Amino acid sequence: GMLLLLQKMRWASLRRAVSLVGFAGLCIAAGVPAAAGVPPRALGAPVENTQWNEKVVLHVLPPSSGLPLSHPGLPAGGASFRSVIEARDHLRELRRHHALPHGATVLLHDGVHRPFHLDAALDSGTPGGPIRYAAAAGESAVVSGGVPIPAASFKPWNGGQAGIYRADLASLGIPAAALGGMQIPPSDGTMTFGDCQHDKAELFYRGSRMLLARYPNVLPSGTWQFLHADVAGKFGASGSGGAWFLMKSGENASRIDGWATKDHGTAWLHGYWEFDWADSYRQLDSVQWVTVEGVQYLNVSFIPGGGNVADGLQVVKTNARFYGVNLLSELDVPGEYFIDEKALQLYFLPPGPLEDGDVVLSANSSDAIITVGSGAHDLQLVGLDVRYGRRAGVLAQSVHNVVIDNCTVYGVGTTGLVLTGQDSAVLRSEVSHVGCQGVEASGGDPRKLVAGNISVYRTSVHDIGQWKRTYQPAIRFGGCGNVYAENTVGLAPHTCLTGGGVNLSFTGNTIDTCCYESSDVGAFYVCGQQGQAFWGGRGGVVRNNTFKNIRNLDGTGVQGPSVQALYLDDQMSGWEVADNSFVNCMAGSFIGGGRDNHIHDNYYENCNLAQHFDNRGMGWEADLCNCTNGSSCDPAVATAIVNDPASAAYVAAYPAIKTAVVGGDHICVPVNNVIENNRYCKVGKYLDATDAQIASWFSVARNNSEVHTC
């Protein structure tokens, strides 16, 4: 816990503005200065098919700004509005009658603005005239999905620990639909352990995220504490209808027994049930005291299907980690809260005095705070502070030439920022304290070798996975021909970068303090399952990055700790890993049975193991490469690509795939890997495969050397 606290303190010192350096011609200045020539609010009689030759700038002064619409700081004759939606709609009307060759800027001034949606047909710009939604220079424009809870709404509550307050949400006009709940909506389909599994409003106090009441409590350092299952059970065991485990009689078992009565219908358990690389939420059903071989246990049962997680997906193993959550009876430390969605009551034990503006609840039903509609193009979001959403922060899917620059996304329930499509970028932004993943950025067609030209550049992503712990990376990547450069990512309980694709570039990134709560995981993780191994990583380059402090810090439950900085799992192939630094890592780089990987000119320091290399396809994972596991067999998928005329460009660029699957080039053998010219200092072991083993796999390790001064 202390190690994690020190890392968080060091991270806080790194949260600073980065220099305004141009990147691929996409960077624009943070904050757009006001300009003259603003069209008046009343346009008068429409004039069809004319061109507006002046710079168009609209101003938004929200009611929270306290400024009149005729604010003297605005240009003479300027058009000003109380909401972004009013300004957007005014701009739509203007564009019905006039071409805007220079585009337009909607300036958001100091204050809190409400969520908005930009439509592809109505709100897109042009290549030479983009539409910008930007914070006014030197001002703080917050776009919030939250609802302030007035201090006067909180009344002392005597049903629990002293200091708890209760607020009636119904009297504030907040409906149950805006609160969500622990149960994932059935419309979202069945969740897997890799999905977000979150749809509940959250509470914020003076800008900080509060904690849903739980036991055991989170330590002051931020470390999560867990209980451990004493005897293994099952989720939805076939024929039994059961989903259970046993807790030995004692304080913890008695506490859970209390939840079943005091918190009946609201109690949930969140745990790493079968593996320490997969977590999920389960609703508590019932408990029963039983005696097994003369020992008294509490049989703890889940509601089958609770949380829409597929039954039978996992068993509960002995020593599995879990904690209870959504428990009014456990609201016992400052900063915890509980929401009764049925009675529309909020319970809160504040960490300080309650004043107006202190408490915000992310009670809203929209998919995102800012939505850029599918097909939208030539739009820019600049300098905006996006926060307090029940779901995503910024959602821009299937867009073209969209730039998100110098924005902050904080305190949203699911994904901080989603950008997919083509020729678009996230620049110099910060995403933090989100329920699930930080940034998702992908585009292009890997099989057709069509580049997406998506960039994530100089962006800081940290403190992610605040609700769902595993497979919620700082950056989820994918597609073809995309660049992820000079970002700083970290403070993640599981992986920091994960995804898949072709011709992806990762350069100059800092990956710090990842995987601290999980096992069998990589800070940079790509997986060869689902038919990805032979073809899914070709052209991928990881160069000149710094990996540091990649270790399990908080322990495990059902597995021993196993953490890699760079993890090419399940026969993933075709990556180049060069000129990187691996400092203070459990393991540096990892080849898990794949082929055609080139690991060279890297530096390893203070790692338990520098380089792992195995031949799992020749042993326990042979079914993935000898086509005995069904349609997701790697060679079968690769063969389909080779035989698909639409993939001709891909096959021409990477002929090794055809050699492997058509020519039968040692299927299941990790061939053509080259590990060379690496340096290492103070490592427990450099390489865990022998020269003879590597030669038998038709791979090579050479010119790797130890240095004695780190």
Side-chain angles (χ1 to χ4, degrees), residues 1 3-12 14-15 194 221-224 272 275-279 415-416 430-441 456 459-477 484 486-499 506-527 542 545-556 559 561-569 577 580-590 592 602 604-610 612:
L3 287 174
L4 181 57
L5 176 61
L6 291 173
Q7 294 296 344
K8 286 178 176 286
M9 293 171 63
R10 187 170 54 77
W11 260 82
L14 294 175
R15 293 170 195 164
S221 65
T223 300
W224 287 24
Y272 291 83
F275 303 103
D276 284 307
W277 47 260
D279 67 311
T415 300
E430 181 177 15
V431 178
S432 72
H433 298 87
V434 298
C436 295
Q437 62 186 0
V439 174
E440 178 181 342
V456 182
T459 290
S460 173
V461 189
H462 56 91
D463 291 283
I464 45 85
Q466 300 288 293
W467 177 263
K468 179 66 168 62
R469 305 299 268 178
T470 59
Y471 295 99
Q472 307 305 319
I475 298 177
R476 185 179 300 278
F477 54 84
Y484 309 84
E486 298 186 35
N487 304 292
T488 301
V489 300
L491 289 177
H494 193 245
T495 183
C496 272
L497 298 109
T498 192
F506 303 83
T507 60
N509 301 289
T510 298
I511 301 97
D512 187 355
T513 316
C514 308
C515 314
Y516 62 77
E517 193 184 273
S518 48
S519 185
D520 192 14
V521 60
F524 182 99
Y525 180 79
V526 286
C527 177
V542 181
N545 304 282
T546 299
F547 295 83
K548 55 185 178 180
N549 308 311
I550 311 300
R551 293 183 176 274
N552 177 288
L553 301 176
D554 295 346
T556 59
Q559 297 174 271
S562 173
V563 171
Q564 289 66 234
L566 183 138
Y567 196 171
L568 307 180
D569 197 10
V577 180
N580 303 284
S581 294
F582 299 89
V583 179
N584 190 30
C585 305
M586 290 190 73
S589 45
F590 187 113
N602 301 289
Y604 304 83
E605 179 182 319
N606 192 29
C607 299
N608 299 31
L609 172 67
H612 170 82

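Model, not experiment: these values are computed from the prediction.
- Although no hydrogens or angles enter the test, the distance criterion places a donor-acceptor pair under 3.5 Å between the side chain of Thr495 and the main chain of Gly522.
- Between Phe506 and Phe477, the angle of the ring planes goes over 60°, which puts this pair in the perpendicular group of the 30/60° scheme.
- Remark: Ile511 CD1 to Leu497 CG distance equals 5.5 Å, nearest 0.5 Å.
- Between Phe582 and Cys607 the shortest heavy-atom distance is O-SG, 3.5 Å.
- For the atom pair CG (Leu609) and OG (Ser562), the distance works out to 9.5 Å, reported to the nearest 0.5 Å.
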Original post:
Checking side chain to side chain donor-acceptor pair (under 3.5 Å) for the pair Tyr272/Thr556: CA distance, chi angles, key distance, verdict?
Top reply: CA-CA 9 Å; Tyr272 291 83; Thr556 59; over 6 Å; no
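- In summary, the side chains of Tyr567 and Asp520 do present a donor paired with an acceptor at a separation below 3.5 Å, with no hydrogens or angles considered.
- Shown here are the disulfide bond (SG atoms under 2.5 Å apart) partners of Cys585, two or more places apart in sequence or in another chain: there are none.
- Atom OG1 in Thr498 sits 6.0 Å away from atom CZ in Arg476 (nearest 0.5 Å).
- Side-chain atoms of Gln564 come within 3.5 Å of backbone atoms of Val521 as a donor-acceptor pair (strictly under, hydrogens ignored).
- What you find for Val461 and Ala474 is that their closest heavy atoms are CG1-O, 3.3 Å.
- The heavy-atom pair separating Met586 from Asn552 by the smallest distance is SD-N, 3.7 Å.
- Note that NE2 of His494 is 9.0 Å distant from OG of Ser519, once rounded to the nearest 0.5 Å.
- Side-chain atoms of Gln472 come within 3.5 Å of backbone N or O of Gly194 as a donor-acceptor pair.
- Ser518 places no side-chain N or O within 3.5 Å of a backbone atom of Trp277 that could act as its donor or acceptor partner.
- Residues Phe524 and Phe547 keep their aromatic ring centres 6.0 Å or farther apart.
- Side-chain atoms of Asn509 come within 3.5 Å of backbone N or O of Tyr484 as a donor-acceptor pair.
- Not one N or O on the side chain of Asn549 forms a donor-acceptor pair closer than 3.5 Å with the backbone of Asp512.
- Nearest heavy-atom pair across Gly438 and Thr415 is O-CG2, 3.8 Å.
- In the model, Tyr604 has a side-chain atom that pairs as donor or acceptor with a side-chain atom of Ser589 under 3.5 Å.
- Taking OG of Ser432 as the start and CG of Leu491 as the end, the distance is 10.0 Å to the nearest 0.5 Å.
- Scored by the disulfide bond (SG atoms under 2.5 Å apart) test, Cys515 finds no partners at all (sequence neighbours excluded).
- A donor-acceptor contact shorter than 3.5 Å links the side chain of Asp276 to the backbone of Gln559.
- The aromatic rings of Tyr525 and Tyr471 sit perpendicular, their planes meeting at an angle over 60°, well past the 30° parallel limit.
- Checking side-chain atoms of Thr488 against main-chain N and O of Thr510 turns up no donor-acceptor pair under 3.5 Å.
- Between His462 and His433, the angle of the ring planes goes over 60°, which puts this pair in the perpendicular group of the 30/60° scheme.
- For Asn602, the side-chain hydrogen bond (donor to acceptor under 3.5 Å, both in side chains) partners at least two apart in sequence or on another chain are Asn580, Asn678.
- Side-chain atoms of Asn487 come within 3.5 Å of backbone atoms of Thr459 as a donor-acceptor pair (strictly under, hydrogens ignored).
- The distance from atom CG of Leu566 to atom CG of Asn545, rounded to the nearest 0.5 Å, is 9.0 Å.
- Across all their heavy atoms, Cys514 and Val489 have their closest contact at SG-O, 4.5 Å.
- Considering every non-hydrogen atom in both Asp279 and Lys468, the closest pair reads OD1-NZ, 2.8 Å.
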